[in-house]
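Read through the structure below, which is laid out as structure tokens, and then see the notes.
All residue numbers in this chain count up from 1 along the given sequence. Because the structure is predicted, anything quoted here is derived from the model rather than measured.
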Amino acid sequence: MAAGPTPSTAASFRPPLPPPPPCFDYRSASLADTRASAAAADPALAGLVESGALVRVPRRRFGPVPAWRPPDFAEPEDVWILGTSHLSAESADEVERVLRAVRPDNVVVELCRSRAGIMYASDDASGEPLLKSNMFSLGGAKFFGAVNRSINLGGQSALALRLLLAVFSSKISSGANRPFGEEFRAARRVSEDIGAQLVLGDRPIEITLERALKSLSWDEKTKLVISLFRGITSTTDMPDEKAAVSPYELYEKLSSSYPSLLQPLVHERDMFMAWSLKRSKAVNKSKTVVGVIGKGHMNGVVYALISDQGDLRFRDLVGRESSETWASSVVKGLVRDTVIGLALWALYELLQAAAVHIKL
């Protein structure tokens, strides 16, 4: 399984592309390239194509390979993208159908290293854990490794935010009665069956949350933490509690109150996933690549694939803004990260204890 290079903490962030314009529609932009190829692979895929859940972007639509790439680098001949729902058994079936029909060299999933455990979690919904698994969970066999990675890449405050979002997501999805990420587990199983390489294609969540925190003012950070805390501790049913709420829908809800969050939570990740699909070392010289991503990212990822003119570059997609020296950054951030991180971690532990008490 390819995990991608380790992000540099010294690079500065520079968005390579703007978000898609309102007039851009990924379906109309890719339908002509998808219909015939899908019919040749398996006529049963026609329904996914017509609904916009499955698209194909051939290499001729990519634009030039940048000069900084080694001369022997070759982008994939075809990139297929399947839009899924993270709380749908039907999406898992669709993943299996597409992968067995297309038989790609690489399967790129919307996960990063510290969330890879989702692919190995049990599909059994019985014996449900206290906190339902979701895109923010810290889980898997190497739990403490995930915690350490979160602190190293995003800082303690980003880790604390991730923990709060995990609890909040678990609560608003509690009525779904379905395990999270079935399509990722299906992608892993089928990839192993057909001999395809599995690629972790999303930007590390630690960097995404760090970027999200930096986009907010101190007042907005305080309001966000308070609103999450109120949502978690509320004893009344939330409006969406009986519906399946995807991470993308949660991002949209947050962005409606905090517009600056849309860039780090959605647009920047769309560009990173496009980079993973066509320009990462893992897909070098591949004939066919299939991406398994949330439906909400389809428009942005397809736009980045076909609009990029050689600008998508790893260091620009993961670098963190910093004009401070290492020493001044440590001194300035140590107290803030420690106090916020420990306080929110204590809050998380109290919420878990309270939930256990309620169950008993």
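Of all non-hydrogen atoms in Arg185 and Ile118, the two that sit nearest each other are NH1-O, 2.9 Å. Shown here for Val301 and Ala274, the closest heavy-atom pair between the two residues is O-CB, 3.9 Å. The two residues Val55 and Ser30 come nearest to each other via the heavy atoms CG1-OG, 3.3 Å. Closest non-hydrogen pair, Ala41 versus Ala101, comes out as CB-O, 4.0 Å. Between Val79 and Phe62, the closest heavy-atom pair is CG2-CZ, 3.6 Å. Nearest approach of Ala187 to Leu198, heavy atoms of both residues: O-CD1, 4.1 Å.
Rounded to the nearest 0.5 Å, atoms OG (Ser260) and NZ (Lys214) are 14.0 Å apart. One finds the CZ atom of Phe184 at 13.0 Å from the CZ atom of Arg189 (value rounded to the nearest 0.5 Å). Distance CG/Leu200 to SG/Cys112: 7.5 Å, rounded to 0.5 Å. Here CG of Asn284 is found 9.5 Å from NZ of Lys281. Values are rounded to the nearest 0.5 Å. The line from CZ of Arg211 to CD1 of Ile205 is 15.0 Å long, rounded to the nearest 0.5 Å. Summarising the geometry, atom NZ belonging to Lys278 is positioned 9.5 Å from atom CD1 belonging to Ile306; distances are rounded to the nearest 0.5 Å.
Between the side chain of Arg97 and the backbone N or O of Ala92, no donor-acceptor pair lies under 3.5 Å. In this structure, Arg61 contributes its side chain and Ala29 its backbone to a donor-acceptor pair below 3.5 Å. A donor-acceptor pair under 3.5 Å is absent between the side-chain atoms of Ser307 and the main chain of Ala304, judged by distance alone. Judged by distance alone, the side chain of Ser88 and the main-chain N or O of Ser85 form no donor-acceptor pair under 3.5 Å. Arg56 places no side-chain N or O within 3.5 Å of a backbone atom of Asp78 that could act as its donor or acceptor partner. Distance alone, capped at 3.5 Å, places no donor-acceptor pair between the Lys287 side chain and the Glu77 backbone. Formation of a donor-acceptor pair under 3.5 Å by the Tyr26 side chain with backbone atoms of Gly52 is found in this model. A side-chain donor-acceptor contact under 3.5 Å links Glu220 to the backbone of Ser217.
When side chains are defined from C-beta on, Arg269 counts as touching Glu110, because their heavy atoms get closer than 4.5 Å. Between Pro21 and Tyr303 the shortest side-chain heavy-atom distance falls below 4.5 Å. Side-chain contact between Met273 and Asp202 is present, with at least one heavy-atom pair separated by less than 4.5 Å. Side-chain contact between Leu317 and Glu268 is absent, with no heavy-atom pair separated by less than 4.5 Å. Looking at heavy atoms from C-beta onward, Leu213 lies out of side-chain contact with Glu210 at the 4.5 angstrom threshold. Looking only at side-chain heavy atoms (C-beta outward), Arg103 and Thr288 stay at 4.5 Å or farther from each other. Looking at Val95 and Leu82, their side chains come closer than 4.5 Å, going by heavy atoms from C-beta outward. Using a 4.5 Å heavy-atom cutoff, the side chains of Asp308 and Arg279 are in contact.
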Audit row: Val108, Val292, side chain to side chain contact (heavy atoms under 4.5 Å, CB included) steps and yes/no: CA-CA 6 Å; Val108 178; Val292 178; over 6 Å; no
Stepwise side chain to side chain contact (heavy atoms under 4.5 Å, CB included) check, Val98 with Leu48: CA-CA 9 Å; Val98 170; Leu48 292 175; 3.8 Å; yes
Step-by-step side chain to side chain contact (heavy atoms under 4.5 Å, CB included) determination, Ile81 to Leu305: CA-CA 11 Å; Ile81 307 173; Leu305 282 173; 3.6 Å; yes
Verdict with reasoning, Val109 to Arg188, per side chain to side chain contact (heavy atoms under 4.5 Å, CB included): CA-CA 9 Å; Val109 293; Arg188 176 187 61 80; over 6 Å; no
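Under the side-chain contact (heavy atoms from CB on, under 4.5 Å) criterion, Ser51 pairs with Ala53, not counting sequence neighbours. Evaluation of the side-chain contact (heavy atoms from CB on, under 4.5 Å) rule for Ser286 yields Pro76, Asp105, Asn106, Val283, Val289 as partners, not counting sequence neighbours.
The hydrophobic cluster containing Val65 also includes Phe73, under a criterion of side-chain heavy atoms closer than 4.5 Å among ILVMFWY residues, counted directly or through chains of members.
Taking 4.0 Å as the cut-off between side-chain N and carboxylate O, Asp42 and Arg100 do not count as a salt-bridged pair. The pair Arg35-Glu50 meets the salt-bridge criterion, since a charged nitrogen lies less than 4.0 angstrom from a carboxylate oxygen.
With Trp80 as the partner, the side chain to side chain contact (heavy atoms under 4.5 Å, CB included) test is satisfied by one option alone out of Ser37, Pro104, Pro58: Ser37.
Note on ring orientation: taking the six-membered ring where Trp is involved, the planes of Trp275 and Phe314 are tilted (angle from 30° to 60°).
More than 12 heavy-atom neighbours from other residues, nucleotides or ligands sit within 6.0 angstrom of CD on Gln309.
A donor atom on one side chain and an acceptor atom on the other are found under 3.5 Å apart for Glu183 and Thr84.
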